[in-house]
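Worksheet for the structure shown next.
Keep in mind that what you see is a predicted model, and the values were worked out from it rather than measured.
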Amino acid sequence: MNQHNITIEARFCPEILERILRVIRHRGFHICSMNMNITESNNINLALTVSSQRPLDLLCSQLTKLADVAGIQVLQQHQQKEKLQFMSAFGAM
């Protein structure tokens, strides 16, 4: 899975967080972590780590279409390889 760190600046209103989360879910991304701060100018800064096999441009283009979103910045991208380890429940034979 590809992980991406993005920040979103938006005008604070009660429904903006719900709208952002809905777009993230509908575009096939999963939220790994989220941090939100309200600024003195009545805006929010939302720092997210999202993961998906889909291209990040798909998500960013949809988020910028939201009326209250002022800007999106991609901070860094990671390639994360999932490792599965299988352990025998019976031990070595």
Side-chain angles (χ1 to χ4, degrees):
M1 286 256 205
N2 297 326
Q3 280 194 345
H4 309 281
N5 293 329
I6 60 174
T7 59
I8 301 170
E9 184 178 345
R11 186 178 64 85
F12 180 71
C13 56
E15 66 277 2
I16 189 62
L17 186 58
E18 292 175 33
R19 288 180 183 163
I20 290 170
L21 295 176
R22 183 177 53 228
V23 168
I24 292 169
R25 181 174 48 89
H26 283 182
R27 295 298 167 219
F29 285 78
H30 302 281
I31 296 174
C32 302
S33 68
M34 178 173 65
N35 186 23
M36 185 182 85
N37 296 316
I38 299 175
T39 66
E40 293 176 7
S41 59
N42 207 26
N43 289 331
I44 62 167
N45 288 325
L46 187 60
L48 295 163
T49 300
V50 295
S51 66
S52 180
Q53 293 294 339
R54 297 177 148 209
L56 185 61
D57 295 341
L58 175 69
L59 177 62
C60 291
S61 67
Q62 294 300 311
L63 288 171
T64 56
K65 292 179 183 179
L66 294 175
D68 295 317
V69 171
I72 298 172
Q73 182 179 14
V74 177
L75 299 178
Q76 57 187 173
Q77 297 181 7
H78 300 288
Q79 291 286 335
Q80 178 180 349
K81 296 181 180 178
E82 294 183 31
K83 296 181 180 179
L84 299 175
Q85 296 181 351
F86 297 97
M87 297 177 64
S88 171
F90 301 107
M93 296 184 148

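Note: Ile8 CD1 to Asn45 CG = 10.5 Å, rounded to the nearest 0.5 Å. Expressed to the nearest 0.5 Å, how far NE2 of His4 lies from CG of Asn2 amounts to 4.5 Å. Atoms CZ and NZ, on Arg19 and Lys65 in that order, are 15.5 Å from each other to the nearest 0.5 Å. Residue Ile24 holds its CD1 atom at 11.5 Å from CZ of Arg22, rounded to the nearest 0.5 Å.
In this structure, His30 and Arg25 have side chains that are not in contact, with every pair of non-hydrogen atoms separated by 4.5 Å or more. In this structure, the side chains of Ile31 and Thr49 stay at 4.5 Å or more apart for every pair of heavy atoms. Phe29 is listed as a side-chain neighbour of Leu56, based on a closest heavy-atom distance under 4.5 Å. Within the 4.5 Å cutoff, the side chain of Leu48 has no heavy atoms near those of the Met36 side chain. Proximity of Leu75 to Ile6: side-chain heavy atoms (C-beta onward) are nowhere separated by under 4.5 Å. Counting heavy atoms from C-beta on, the side chains of Val74 and Cys60 come closer than 4.5 Å. Using a 4.5 Å cut-off on side-chain heavy atoms (C-beta onward), Thr64 and Leu66 make no contact. In this structure the side chain of Ile72 never reaches within 4.5 angstrom of the side chain of Thr7, judged on heavy atoms.
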Walk me through it: do Leu46 and Asn35 pass the test side chain to side chain contact (heavy atoms under 4.5 Å, CB included)? CA-CA 6 Å; Leu46 187 60; Asn35 186 23; over 6 Å; no
Can you list the steps and then say if Phe12 with Asn42 is a side chain to side chain contact (heavy atoms under 4.5 Å, CB included)? CA-CA 6 Å; Phe12 180 71; Asn42 207 26; 3.8 Å; yes
Candidate pair Gln3 and Cys32, rule side chain to side chain contact (heavy atoms under 4.5 Å, CB included), full reasoning: CA-CA 8 Å; Gln3 280 194 345; Cys32 302; 3.5 Å; yes
Test Gln62 against Val69 for side chain to side chain contact (heavy atoms under 4.5 Å, CB included), laying out the working first. CA-CA 10 Å; Gln62 294 300 311; Val69 171; over 6 Å; no
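Proximity of a side-chain donor or acceptor of Thr39 to a complementary backbone N or O of Ile44 within less than 3.5 Å is not detected. The backbone N or O of Arg27 lies less than 3.5 Å from a partner atom in the side chain of Arg54, making a donor-acceptor pair.
Linking Ile, Leu, Val, Met, Phe, Trp and Tyr whenever their side-chain heavy atoms come within less than 4.5 Å leaves Leu58 and Leu21 in two separate clusters.
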